[in-house]
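This one's a predicted model, so the numbers in the text were calculated from it and none came from an experiment.
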Amino acid sequence: EPEVTQTPSHQVTQMGQEVILRCVPISNHLYFYWYRQILGQKVEFLVSFYNNEISEKSEIFDDQFSVERPDGSNFTLKLWSTKLEDSAMYFCASSERLGAQGYTFGSGTRLTVV
Amino acid sequence: GENVEQHPSTLSVQEGDSAVIKCTYSDSASNYFPWYKQELGKGPQLIIDIRSNVGEKKDQRIAVTLNKTAKHFSLHITETQPEDSAVYFCAAKFHSGYALNFGKGTSLLVT
């Protein structure tokens, strides 16, 4: 079964550092997403990406975040200057089309900011 | 924005019993309601979903019901097994939006 692959599985970084989280969505999917889950809390939407541009973003997704699809397979989330409160699980997801039969999530990257 | 409430936060059932998890949503324009199962160390995995033009959907031991008037939807798991133990999340999507709005999750324990 096709999977969304995320790397690394765990990232530890110092406050103020830049971090890039990487994702390989399912190959025939056209819509890509990042979500985060702070420990013990709900999964929260960050951003969606379609046709090489951001299609929707939440209030959480401020100027300290950016997304990119640098080639035909990868989808990245960059945090420009990490804060302690950025510590969370970050999930990448993809879907074949808008409102498709579910979004397929990756296993996540646990980001720990110290 | 859309607000999704989920209850209960924890649920413990005996193997073979049924489990029911309930969610309410605030935006009447939401039209897609998936349920996800999350096991420890893994990402959410879609287990069943329903669209607003359908009242009920069933897949083997799992069923989802939707009451559009009351703006609530429920997950029903029958004949529970230990491997059903996980955190379950409901979600709702605004009809023209991209984001899934998740509930806070229900930790189900089957013993």
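For Q6(A), no part sits under 4.5 Å from any heavy atom of chain B, backbone or side chain. Heavy atoms closer than 4.5 Å to chain B are found in both the backbone and the side chain of S107(A). Contacts between V4(B) and chain A at a heavy-atom distance below 4.5 Å involve the backbone alone (N, CA, C, O).
The OH atom of Y103(A) sits 8.0 Å away from the OG atom of S48(A) when rounded to the nearest 0.5 Å.
With no hydrogens or angles considered, a side-chain donor-acceptor pair links Y33(A) and S95(A) at under 3.5 Å. Between the side chains of H10(A) and T112(A), at least one donor N or O lies within less than 3.5 Å of an accepting N or O.
Between K71(B) and D27(B), the shortest heavy-atom contact is CD-C, 4.4 Å.
Interface summary for chain B: among L46(A), V43(A), V47(A), the most heavy-atom pairs under 4.5 angstrom belong to V43(A).
Listed for the T10(B) side chain is no donor-acceptor partner under 3.5 Å among the backbone atoms of S107(B).
Close placement of the Y50(A) and Y31(A) rings is indicated, their centers lying within 6.0 Å of each other. Between Y35(A) and F102(B), the distance from one ring center to the other falls under 6.0 angstrom.
Residues of residues 36-45 of chain B lying under 4.5 angstrom from chain A, judged on non-hydrogen atoms, are Y36(B), Q38(B), G41(B), K42(B), G43(B), P44(B) by number.
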